[in-house]
Amino acid sequence: PNRCWTPASELSNLHISDNNQGDILPHSTQPRQPAAALPPEHRAERHATGGLRLADWSISAVAAGFMAVLVSYAGPLAIFYQAAQAAHMSNAMFASWVWGISIGAALAGIFLSWKLRIPVITAWSAPGTALLITLFPAMPVSEAVGAYLTAALILLCIGVTGQFDRLMARIPKGVASGMMAGILLPFGLNAFKSIGSLPLLGCGMIAAYLVFKRLLPRYCIVLLLISGALLAWAGGHTHFAGITLELATPHFIAPTWSW
């Protein structure tokens with residue numbers, strides 16, 4: 001999903017959208033009042049709590065954050081699951097993968113939101129994960145970890161040096177869009193291939209997407225997830241007998257690089 005930075009002067013009309021899944025955050029986010037403009041008692045309270053006060057929390061803010069997290073799990077997590085299947089990962093290894101991306105995104109979002117005093121959500125790279133589906137199982141998981149670390153280091157260097165805008169200006173939009181389409185198109189076509197083996201589930205989810213995208217675009221992905229679960233249950237494709245609740249155990253994978 002594409003995210004945008006909003007200047008502090010425009011935070012009163014903050015409106016974040018992922019361009020495909022509808023709006024995530026409402027227009028109700030208000031800018032933080034400068035500390036110098038606060039009464040002395042509020043200024044001391046903000047200083048004592050590290051810059052945050054109880055009044056900064058609201059039901060709408062919590063609901064918006066919960067919806068953003070729910071959408072991120074409802075969509076990209078399915079791609080991670082397919083990538084894990086393509087790599088022939090065990091259930092324990094896949095649980096460790098989900099644990100890592102969840103904890104990492106949570107800690108990064110908390111730190112950046114606290115430090116910058118603006119709502120920041122670190123999203124998973126759904127296109128990058130979709131690319132892994134085509135690379136597994138020919139590429140070992142350890143090499144995929146090394147590739148992720150290399151990509152993260154390159155992105156960090158680009159961000160620290162402030163060359164992101166200049167670099168993106170040199171890449172034609174058509175090329176970037178074509179690369180994205182090349183990665184996601186095969187993944188999207190698999191939805192239609194499932195109609196042959198699971199007609200009720202395939203046709204039902206396509207119909208649900210068209211209806212929810214038209215009537216409730218903000219909650220489309222979440223409602224689509226619920227619809228898919230109900231259709232799978234109605235068709236007898238759910239197997240809850242083997243599900244057990246237990247804490248995920250992180251597994252360390254040493255990165256490797258090939259040249």
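Side-chain atoms are counted along with the backbone in the values below, which use heavy atoms only and exclude waters and symmetry mates.
- The heavy-atom pair separating A83 from L132 by the smallest distance is CB-CB, 4.4 Å.
- Linking ILVMFWY side-chain heavy atoms closer than 4.5 Å, directly or via other members, places V160 and M168 in two distinct hydrophobic clusters.
- Both F212 and L215 belong to a common hydrophobic cluster when Ile, Leu, Val, Met, Phe, Trp and Tyr are linked at side-chain heavy-atom distances under 4.5 angstrom.
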_CA sep, side-chain torsions, deciding dist, call: S96, F252, side chain to side chain contact (heavy atoms under 4.5 Å, CB included)_ = CA-CA 9 Å; S96 174; F252 176 76; over 6 Å; no

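- Crowding of F192 atom CZ: a count of heavy atoms from other residues, nucleotides or ligands under 6.0 Å not exceeding 12.
- F94 and Y81 have their aromatic ring centers within a separation under 6.0 angstrom.
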*side chain to side chain contact (heavy atoms under 4.5 Å, CB included) assessment of C203 paired with I195*: CA-CA 6 Å; C203 295; I195 296 178; 3.8 Å; yes

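- Between L201 atom CG and H237 atom NE2 the span is 6.5 Å, to the nearest 0.5 Å.
- In this structure, I206 CD1 and L210 CG are separated by 7.5 Å, a value rounded to the nearest 0.5 Å.
- The two residues T256 and S142 make their nearest non-hydrogen contact at OG1-OG, 2.9 Å.
- Follow the hydrophobic side-chain contacts under 4.5 Å out from V120 and you never reach L107; the two are in separate clusters.
- Remark: T150 engages W257 in a side chain to side chain donor-acceptor pair (under 3.5 Å) (not counting sequence neighbours).
- I253 and W99 fall into different hydrophobic clusters, defined by Ile, Leu, Val, Met, Phe, Trp and Tyr side-chain heavy atoms under 4.5 Å apart, directly or through other members.
- Rounded to the nearest 0.5 angstrom, M139 CE and T134 OG1 are separated by 9.0 Å.
- In the hydrophobic clustering of ILVMFWY residues, with side-chain heavy atoms under 4.5 Å counting as a link, L116 and L155 come out apart.
- The line from CD1 of I158 to CG of D165 is 11.5 Å long, rounded to the nearest 0.5 Å.
- A donor-acceptor pair under 3.5 Å is formed between the side chain of S113 and the backbone N or O of G109.
- Taking SG of C220 as the start and CG of L216 as the end, the distance is 8.5 Å to the nearest 0.5 Å.
- Nearest heavy atoms, Y209 versus L224: N-CD1, 3.8 Å.
- When all heavy atoms are compared, the tightest approach of A105 to T122 is O-OG1, 3.0 Å.
- Between M205 and L231, the shortest heavy-atom contact is N-CD1, 3.8 Å.
- Among all heavy-atom pairs drawn from A86 and I133, the shortest one is CB-O, 4.0 Å.
- With contacts defined as side-chain heavy-atom distances shorter than 4.5 Å, the pair E143/L135 does not qualify.
- The CD atom of Q163 lies 9.5 Å from the CZ atom of R170; values are rounded to the nearest 0.5 Å.
- A 4.5 Å side-chain heavy-atom check between F80 and I101 finds at least one atom pair inside the cut-off.
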